[in-house]
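Written below as structure tokens is the structure these notes are about.
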Amino acid sequence: MRTATLGPEQRAESLAAMAERELDVLVVGGGVVGAGTALDAVTRGLNTGIVEARDWASGTSSRSSKLIHGGLRYLEMLDFALVREALKERGLLLERLAPHLVKPVPFLYPLQHQGWERLYAGSGVALYDAMAMARGHGRGLPAHRHLSRRHALRVAPALRKDALVGAIQYYDAQMDDARYVATLVRTAVSYGAKAANRARVTGFLREGERVVGARVQDVESGGEYEIRAQQVVNATGVWTDDTQAMVGERGQFHVRASKGIHLVVPKDRIHSTTGLILRTEKSVLFVIPWGRHWIIGTTDTDWDLDKAHPAASSADIDYLLNHVNSVLAVPLSRDDVEGVYAGLRPLLAGESDATSKLSREHTVAHPVPGLVVVAGGKYTTYRVMAKDAVDEAVHGLDMRVAECVTEDIPLLGAEGYRAMWNARARIAARIGLHVVRVEHLLNRYGSTAEEVLDLIAADPGLAEPLSAADDYLRAEVVYAASHEGARHLDDVLTRRTRISIETFDRGTRSAREAAELMAPVLGWDKDQIEREVEHYEKRVEAERESQRQPDDQTADAARLGAPEIVPR
């Protein structure tokens, strides 16, 4: 396997190659399910391509709670199969597939009632741990433990004393969702898949009833391509119905969008060594450790407005602050909020109540010959969804195809990660970086951190942190453009890094420095640098304005005030 590079040359070559020769499988949609489907297909030996209209993970897959979890609350719904499946996937990701990207994270569940609640909640968490261990995928995560109120307050001093009578602590896992998707795409490309972001499907190619490919527009250059494929997989998440409409066929199911928003606050605003999980009247609320920050979320409300840029309203922000403040000794205010992001969950809805499925289940369908649709599901089980989608596509291929092997395919950067982690002090001394910087790189890139370090060796100035976002090195911005498919400033500040939600200025103070670092890689002149910076600043201002609005309609109108694509 070779290390894949998603640079501008590779993107152009991929588009040309996809148009030149018929593919076995063309995947439409570059979120976690689409990327996983491309990896599944190519590692079965299929000639595979994947296209994404905007940036990798630019939709739902960059705006989640960043959790890889078994779905503890689904035990309460008695959906043991879903929990068992998700726990298996969590174990695979932690232990084998992506140990550099997926990490254990502790959660404290405060108990508010004596006696019965500890028994009830404790039984559920014990079953959760037991189900993980039963399949051999619970290794690497500590078992849950029961805490007295005094012990819980030592672990989480931020909690009000009257907010709990005791607590239970358990473990799940987390990752950087957008980084995970970019790594999935690179892994698929390293096995031979062709991949192009900013490549929008504008229609499907038909021969009679059969779908035989797609018309694709290069959003960057305006070029048009006809990409033929024996099977096309629609993995467009909340855009599933829109994509299906291009075929002119009514789907067997519909995908409904549910909005979830998250707040990001500095680590020092909540004094705790553990994350929190709190019950709300509708669901649960997480307070999740995130580097030098906390992520607080989420909401769950219907959304039928702009899918590309779901907006968080003032009411959404107040909802989260009110709920988390109900248990905090020192309440949070609007001034504590560094970042806000909103994402859409793709929930399945049947033609009638009788055919509606549990929101987090997934479905695969073959509505017309040559076209497979996969929708629903949750981030943690993306690999299972991808397997099911390719299994369905294989039925339409006139060849013998191998079984799924992704259970044994580590993602790029996983191989050699633990050895490099053990040698991190020596690596730091060799490069001249603080060991904490090397740990940061290893936990973002795994063993491919060597490629970032190579950039620094060639240009020592890249070892410096960004002046207004010192968690990230200048080399990471260059690497995002040269190796990770970043095409625009927004791609780097929002998804390759998380500067847009981890700084109070939302990344505006880093914008020019980052754009100037990207420019040589992407061939930008001074005018394009100015356009990139101006576009990003307008995007941030539109988001800020939307978050001042009282409801979804006004927030959506304000967010749409920023243009979608930077003009070239």
Side-chain angles (χ1 to χ4, degrees), residues 1-7 10-11 14 27 29-43 48 50 52 55-64 66-68 89-90 92-103 173-197 235 379-383 385-386 406-418 420-421 440-453 455 472 475-487 491-492 494-498:
M1 186 183 80
R2 60 188 174 85
T3 300
T5 297
L6 298 183
Q10 178 275 334
R11 177 182 174 276
S14 284
V27 182
V32 71
V33 176
T37 301
L39 178 60
D40 188 294
V42 75
T43 53
T48 304
I50 177 171
E52 158 60 38
D55 185 28
W56 306 118
S58 57
T60 305
S61 293
S62 62
R63 307 177 190 191
S64 73
K66 326 288 187 225
L67 293 178
I68 295 291
E89 294 304 311
R90 185 191 72 177
L92 284 171
L93 293 170
L94 276 165
E95 298 158 22
R96 185 188 305 167
L97 304 184
H100 55 312
L101 299 176
V102 180
K103 305 292 180 183
Q174 71 175 164
M175 48 66 217
D176 183 327
D177 47 10
R179 170 149 300 284
Y180 191 93
V181 174
T183 306
L184 258 182
V185 175
R186 288 187 68 195
T187 306
V189 171
S190 71
Y191 282 100
K194 290 92 175 169
N197 56 350
Y379 202 111
T380 303
T381 56
Y382 82 87
R383 196 190 63 81
M385 296 175 66
T406 54
E407 194 169 312
D408 298 306
I409 302 288
L411 268 59
L412 208 63
E415 295 283 2
Y417 158 71
R418 289 189 172 96
M420 287 185 68
W421 181 262
H440 161 88
L441 294 177
L442 288 173
N443 285 330
R444 282 170 54 74
Y445 306 97
S447 56
T448 61
E450 284 286 10
E451 296 173 347
V452 183
L453 297 176
L455 293 177
Y472 300 95
E476 295 182 75
V477 175
V478 176
Y479 189 79
S482 64
H483 286 68
E484 296 183 324
R487 300 286 304 167
D491 300 343
V492 170
T494 306
R495 286 171 291 279
R496 303 307 183 280
T497 70
R498 293 307 187 145

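All residue numbers in this chain count up from 1 along the given sequence. Every heavy atom of this structure was used, including side-chain atoms; hydrogens, water molecules and symmetry mates were not.
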Inset, instruction - With side-chain contact (heavy atoms from CB on, under 4.5 Å) as the test, would you mind laying out the steps for Met175 and Arg179 before giving the verdict? - result: CA-CA 8 Å; Met175 48 66 217; Arg179 170 149 300 284; over 6 Å; no
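- Side chains of Val181 and Tyr379 form a contact here, defined as non-hydrogen atoms less than 4.5 Å apart.
- Panel note: side chain Arg90, backbone Ile68; no donor-acceptor pair is recorded below 3.5 Å.
- Using a 30° and 60° split on the angle between ring planes, Tyr479 and His483 fall in the parallel class, below 30°.
- Taking all atoms of both residues into account, the shortest heavy-atom contact from Val185 to Ala195 is CG1-CB, 3.9 Å.
- Contact between Trp421 and Asn443 at its shortest, heavy atoms only, is CZ3-ND2, 3.7 Å.
- Ser447 places a side-chain N or O within 3.5 Å of a backbone atom of Glu415 that can act as its donor or acceptor partner.
- Ionic pairing of Arg383 and Asp40 is not present here: no N-O contact between side-chain nitrogen and carboxylate oxygen is shorter than 4.0 angstrom.
- One finds the CG atom of Leu93 at 4.0 Å from the OH atom of Tyr180 (value rounded to the nearest 0.5 Å).
- Listed by chain and residue number, Ile427, Ile431, Leu433, Leu441, Glu450, Ile456 satisfy the side-chain contact (heavy atoms from CB on, under 4.5 Å) test with Leu453 (two or more places apart in sequence, or in another chain).
- Taking Arg63 as the reference, nothing meets the side chain to side chain donor-acceptor pair (under 3.5 Å) condition, with sequence neighbours excluded.
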Inset, instruction - Might you work through the side-chain contact (heavy atoms from CB on, under 4.5 Å) test for Arg495 and Trp56, ending with a clear yes or no? - result: CA-CA 9 Å; Arg495 286 171 291 279; Trp56 306 118; over 6 Å; no
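- Although no hydrogens or angles enter the test, the distance criterion places a donor-acceptor pair under 3.5 Å between the side chain of Ser62 and the main chain of Ala57.
- Applying the side-chain contact (heavy atoms from CB on, under 4.5 Å) rule to Thr60 yields the partners Val238, Leu344, Pro346; only residues at least two apart in sequence or on another chain are considered.
- Every residue meeting the side-chain contact (heavy atoms from CB on, under 4.5 Å) condition with Ala480, not counting sequence neighbours, appears here in chain and number order: Glu484, Ala486, Val492, Arg496.
- Nearest heavy-atom pair across Leu184 and Gly36 is CD1-N, 3.8 Å.
- Here the straight-line distance linking atom CD1 of Ile409 with atom CG of Leu92 works out to 12.5 Å at 0.5 Å rounding.
- For the atom pair Glu89 CD and Thr381 OG1, the distance stands at 7.0 Å (nearest 0.5 Å).
- Between Gly30 and Ile50, the shortest heavy-atom distance links the atoms CA-CD1, 4.2 Å.
- In terms of the side chain to side chain donor-acceptor pair (under 3.5 Å) criterion, residue partners of Asp176 (sequence neighbours excluded) are, by chain and number, Arg498.
- Annotation: side chain to side chain donor-acceptor pair (under 3.5 Å) contacts of Tyr445 (sequence neighbours excluded): Glu476.
- Using a 4.5 Å heavy-atom cutoff, the side chains of Asp177 and Val32 are not in contact.
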Inset, instruction - Starting from the C-alpha separation in whole Å, work towards a yes-or-no answer on side-chain contact (heavy atoms from CB on, under 4.5 Å) for Arg96 and Asp408. - result: CA-CA 8 Å; Arg96 185 188 305 167; Asp408 298 306; 2.9 Å; yes
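- The minimum heavy-atom distance between Val452 and Ala475, with the atom names listed, is CG1-CB, 3.9 Å.
- Within the model, atoms CD of Gln10 and CZ of Arg186 stand 10.0 Å from one another, a figure rounded to the nearest 0.5 Å.
- Within the 3.5 Å criterion, the main-chain N or O of Asn197 finds a donor-acceptor partner in the side chain of Arg11.
- The closest donor-acceptor contact from the side chain of Thr494 to the backbone of Asp491 lies at 3.5 Å or more, if one exists at all.
- Looking at residues two or more places apart in sequence or on another chain, you find no salt bridge (charged side-chain N to carboxylate O under 4.0 Å, His left out) involving Lys194.
- Residues meeting the side chain to side chain donor-acceptor pair (under 3.5 Å) test with Thr497, sequence neighbours left out: none.
- With sequence neighbours excluded, the residues forming a side-chain contact (heavy atoms from CB on, under 4.5 Å) with Ala414 are Pro99, His100, Pro410, listed by chain and number.
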Inset, instruction - Evaluate side-chain contact (heavy atoms from CB on, under 4.5 Å) for Leu39 paired with Tyr382, printing each intermediate quantity in order. - result: CA-CA 11 Å; Leu39 178 60; Tyr382 82 87; 5.7 Å; no
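- Between the side chain of Thr183 and the backbone N or O of Leu412 there is no donor-acceptor pair closer than 3.5 Å.
- Scanning both residues, Ala193 and Val42, for their nearest heavy atoms gives N-CG2, 3.5 Å.
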